[in-house]
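Working notes, structure below.
Fair warning: this is a prediction, and the values are worked out from it, not measured in the lab. Here is how names work: the chains are called A, B, and so on, in the same order as the sequence lines, proteins then strands, and each is numbered from 1.
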Amino acid sequence: MIPETLPPSLGPSSFKTYRSGEVSCDPTVVNMPLSQLFWNVLLGSNSKWANIFQRTIKTQVRLLCWVLTGPQFLESRAKHVHATWGKHCNKVLYMSSEESDFPTVKLNVTEGRDQLYWKTIRAFQFIYEHHLDDADWFLKADDDTFVVPENLRRLLSQLNTEDPLYLGRRFRPFIAQGYMSGGAGYVLSKEALRRFVKGHDDGSCTHFSDVEDMALGRCMETMKVTAVDTRDERRRQTFHAFPPDKYLLKQLTKSQPSHLLYEFYERVQGPGCCSDLTISFHYIRPVEMYMLEYFTYHLRPYGYKYRFNPEAALHKGTV
Amino acid sequence: MLSEGSSFLKGMVLGGIFCLVLSLLGTFRAGIPSQIEHLHHHLKPHSKEELQKLSQTQMSELTEQVRVYCIIMVTPKILVHWAAANDTWSKHCDKSVFYSSESAKALEAVDLQEQDEWVRLRKAIKHAFKNAGGLRWFFVARPTTFAIIENLKYLVLVKEPSEPFYIGHVQKSGELEYVEYESGIVLSYEAMRRLVEVFKDEGKCPERSKALWKLSEEKQLATCLKYSGVFAENGEDAQGRELFNKKSVGSLISDSMAQNPSDVVEICCSDMAITFTGMSPSQMQVMMFGVYRLRPYGHNFHDSLTFLPPKGSDND
C-alpha cells in the first residue's frame, strides 16, 4: 500500500508543451558546432543536453517558411496557419498579390490557379533578394498544409545547406529524378535557392507550365539540384500530399488507390505509411489544423514508450 | 379601509414567516448527511514534481497497482465500433473483456444473453469483479468511446483502490450526481466490491425496477453507489480541463474555434485527456496515430512511470 503522503495537486500543469520562443542563451552552447553537440548529447546521460539540443537546433538550423496564399484566403486559411505551425518557423512569410495588415508580402502577380508558378517564382526571387541571410533552408507550403518544423529541422540538421538539395514528397512522372509535391511542402537549400533564381535570370528555367510543383522540379533538374529521399530510418514517409486518414486506413480494394499513383518510392498503405516524426500533411482544413496541433504538441499518453525511438539517442546513448 | 390594509399586512407577514419556516425545514433532509457530499468532487492527477519524489520501489508497486480491467459493453448492432475498439484502444488495457447482449460470430465476447441494458451492466460488473485477478481498477465504456488508458492510469496513479472511487464526467439530475456513461466510468476495486454487495439488495438497488419511468443505467448505477457511500467525482486536469469528453476531438476543437479563437487548443482540451466520444471507426484509427505516434522530435517528458506498447498491434 502506498502511503498517501503527497498533498493534492492544485498547481499549474507540469506538462510543458513546446514553446517556440525557447532559445538557449548560453554562448558556449550556441556557438558549439552541431556535430559536437550531438556527441555531447550521446555521451551525456542526463536530459539537460536533450533540452539544450531542442532549443539550440532552432538557432543552428534556421528555417524560413513561406506560405502560398491570397487575399481571399487570409481569414479562412492563412490565419489558422499563423495560429498553429507558422510560429514554429524561424521566419514565416505569407505570399499574396496584395499588401495587408495580416501581414502579407505583395508579389507582382495576379490571383488564380494558373498563376501559382508565377507566384512561386516571384516568392523565391523576393526571398533571395531580401532574406537570403536570414535562414539556412527555405520551405514552401500551401495555406492548407500542416507542417511540424521540429521534425523538418531534425532532417535538415543532417544535411549541408551549401549543397544543392531539394526535399519533399517525391513524385515519379514527367521528371527523371522526380519532383516534389507542391501541396506537401518542399524545401530548398541555400544553394538550391541560388540556382533556382539564377536559372530564371539566365533563361535556363522558364515559366513553361502552370503546374507549379512539376515546373519547379524541371528547373531543379536543369540546374543540377539533387532530389533527396526524405523517408525516415524505417522507410516511412515524412512529407504527405494528403491528410493522414488517406494513408493510414488500410484500403480493402485491390486496385491501386489514386492518391498513391505518382509515388516515386514503394507505395505503403496503413500504419507504415507515415513516420512518427512526420513533417507535413496537405488538404488540411482549419479545424483539422488545430486538431493536428493538438495531437502533435499537446495530447500524449503518459509514460508511453514509443515503438520508434530516435530520441533515445538523445538521452541514453542507445538508438 | 385602514383595517383592511392592516389585515392584508398581517396576512403577508404570516405568510412570509410560514414560507420561511417551511424552507428551513426543507433543508434538513433525512438520509446521507451533507458533510460527506462534495468531499472529493473534483479529482485531479498528481503533479509531475510530486511524482518524482517517489522512490523506485514505490514506482514499481504503483505500476502493478494501477493496472486496468476494461469492461466494454457491446451489441451486434454496433459491430463496426466493436471491431474498432478491439483493434485500437482496448489493446492498451491490461485486460479487456467485451460483454455482449448476444453473441456475434465475428468477434469474441462474454455473451450475457440479456437485452436490458441495466441488467447487462450488473452482470458485466459481477463477472469482472469475480475475474479481476490482481487488477484493481475498472473502466466501463461502450465501443463508441475512445480511451487513452495510460492517462487513466496517470489520473488514479496514487489513489488507493481499496478506497471507493467512482470517476468520470459528472452530471447532476435533481439531487443525484452521476458519472456519464458516454464518456466512460472508472471504478476502484472497493467501489466494485460495494456495488456487487448492494446488487443483492432488491430494495435499494433493484435489478428490474417496477417504476413507471425507468432511470437510465448511469443513474441507476449512481443511486446504487450512493447507497453504498460512493460518490461521483469529476476527472479534470490541473487547469480544470475535462479529462472525460462526450464529444469528439473535432467537435471540441470546432466549438473552441468559435468560443476562444485566439487560443483554440489550450483552453478546450487537456494534454492528458482520457476519453472522447462520437468518433467513427476510421477516426479511431487516425487517433491511434495522433496519440501514440505523431510528435515533434526532441521532447522528453521524464514521466515517472513507463508503459510499454501492447503486443499484437501495429497502429501504435
Side-chain angles (χ1 to χ4, degrees), chain A residues 1-2 4 6-18 47 50-51 53-54 57 80 83-84 88 148-151 153-154 244-245 248-249 270-272 274-278 286-288 290-308 310-311 314-315, chain B residues 44-50 53-54 58 61-62 65 92 148-151 153-154 158 160 162 237-239 249-250 253-254 256-257 262 264-266 269-273 282-283 285-286 288-309 314-316:
Chain A
M1 189 175 109
I2 311 297
E4 184 77 295
L6 305 175
S9 162
L10 290 169
S13 169
S14 46
F15 299 101
K16 287 194 176 65
T17 53
Y18 182 76
S47 56
N51 291 330
F53 178 83
Q54 240 300 287
I57 196 177
H80 304 296
T84 56
H88 293 267
V148 187
E150 291 79 4
N151 293 341
R153 285 196 191 90
R154 181 203 179 216
D245 56 291
L248 284 167
L249 303 170
C274 312
S275 177
D276 288 22
L277 304 180
T278 273
V287 176
E288 290 150 13
Y290 294 105
M291 285 174 69
L292 283 167
E293 159 145 349
Y294 179 53
F295 288 135
T296 309
Y297 296 100
H298 298 264
L299 184 62
R300 67 182 192 90
Y302 181 78
Y304 187 67
K305 184 165 194 286
Y306 299 113
R307 290 186 196 269
F308 175 57
E311 294 102 326
L314 286 180
H315 312 298
Chain B
K44 295 179 201 257
H46 275 79
S47 81
K48 215 206 299 194
E49 286 85 22
E50 286 157 348
K53 292 178 195 158
L54 297 172
Q58 283 175 313
E61 281 173 25
L62 280 179
Q65 183 182 276
H92 290 250
I148 304 170
I149 300 299
E150 289 79 4
N151 291 347
K153 293 185 178 188
Y154 175 63
V158 275
E160 190 49 64
S162 60
D237 68 9
Q239 286 97 330
V249 176
I253 297 273
S254 67
S256 192
M257 283 172 72
S262 54
V264 175
V265 171
E266 290 253 13
C269 309
S270 178
D271 288 18
M272 313 309 292
S282 304
Q283 287 171 329
Q285 288 289 356
V286 179
M288 292 302 285
F289 177 75
V291 173
Y292 290 101
R293 296 178 55 205
L294 180 63
R295 62 192 188 276
Y297 177 72
H299 283 231
N300 183 29
F301 293 99
H302 307 292
D303 294 334
S304 306
L305 245 51
T306 302
F307 299 119
L308 297 176
D314 67 351
N315 52 21
D316 51 18

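- Interface remark: A/Pro286 contributes backbone and side-chain atoms alike to the contact with chain B (heavy atom separation under 4.5 Å).
- The distance from atom CD of A/Glu150 to atom CD1 of A/Ile57, rounded to the nearest 0.5 Å, is 9.0 Å.
- Residue contact with chain B, scored on non-hydrogen atoms closer than 4.5 Å, involves the side chain of A/Leu248 exclusively.
- The residue among B/Asn315, B/Ile148, B/Val264 with the most heavy atom pairs within less than 4.5 Å of chain A is B/Val264.
- Contact annotation for B/Ser304: both backbone and side-chain heavy atoms come within less than 4.5 Å of a heavy atom of chain A.
- In terms of heavy-atom pairs under 4.5 angstrom with chain A, the leader among B/Leu308, B/Leu294, B/Val286 is B/Leu294.
- Ring planes of A/Tyr306 and A/Tyr304: perpendicular class, angle over 60° (limits at 30 and 60°).
- Between the side chain of B/Arg293 and the backbone N or O of A/Cys274 there is at least one donor-acceptor pair closer than 3.5 Å.
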Next on the checklist: Does B/Ile253 form a side-chain contact (heavy atoms from CB on, under 4.5 Å) with B/Cys269? I'd like the steps, not just the answer.
Outcome noted: CA-CA 8 Å; B/Ile253 297 273; B/Cys269 309; 4.3 Å; yes
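- Both the backbone and the side chain of A/Val287 come within less than 4.5 Å of a heavy atom in chain B.
- Classification of B/Asp316 and A/Arg307 as a salt-bridged pair holds, one side-chain N sitting under 4.0 Å from a carboxylate O.
- Of the atoms belonging to A/Leu249, it is side-chain heavy atoms, and not backbone ones, that fall under 4.5 Å from chain B.
- Side-chain contact between A/Arg300 and B/Glu150 is absent, with no heavy-atom pair separated by less than 4.5 Å.
- Only the backbone of A/Ser275 comes within less than 4.5 Å of a heavy atom of chain B; no side-chain atom from C-beta onward does.
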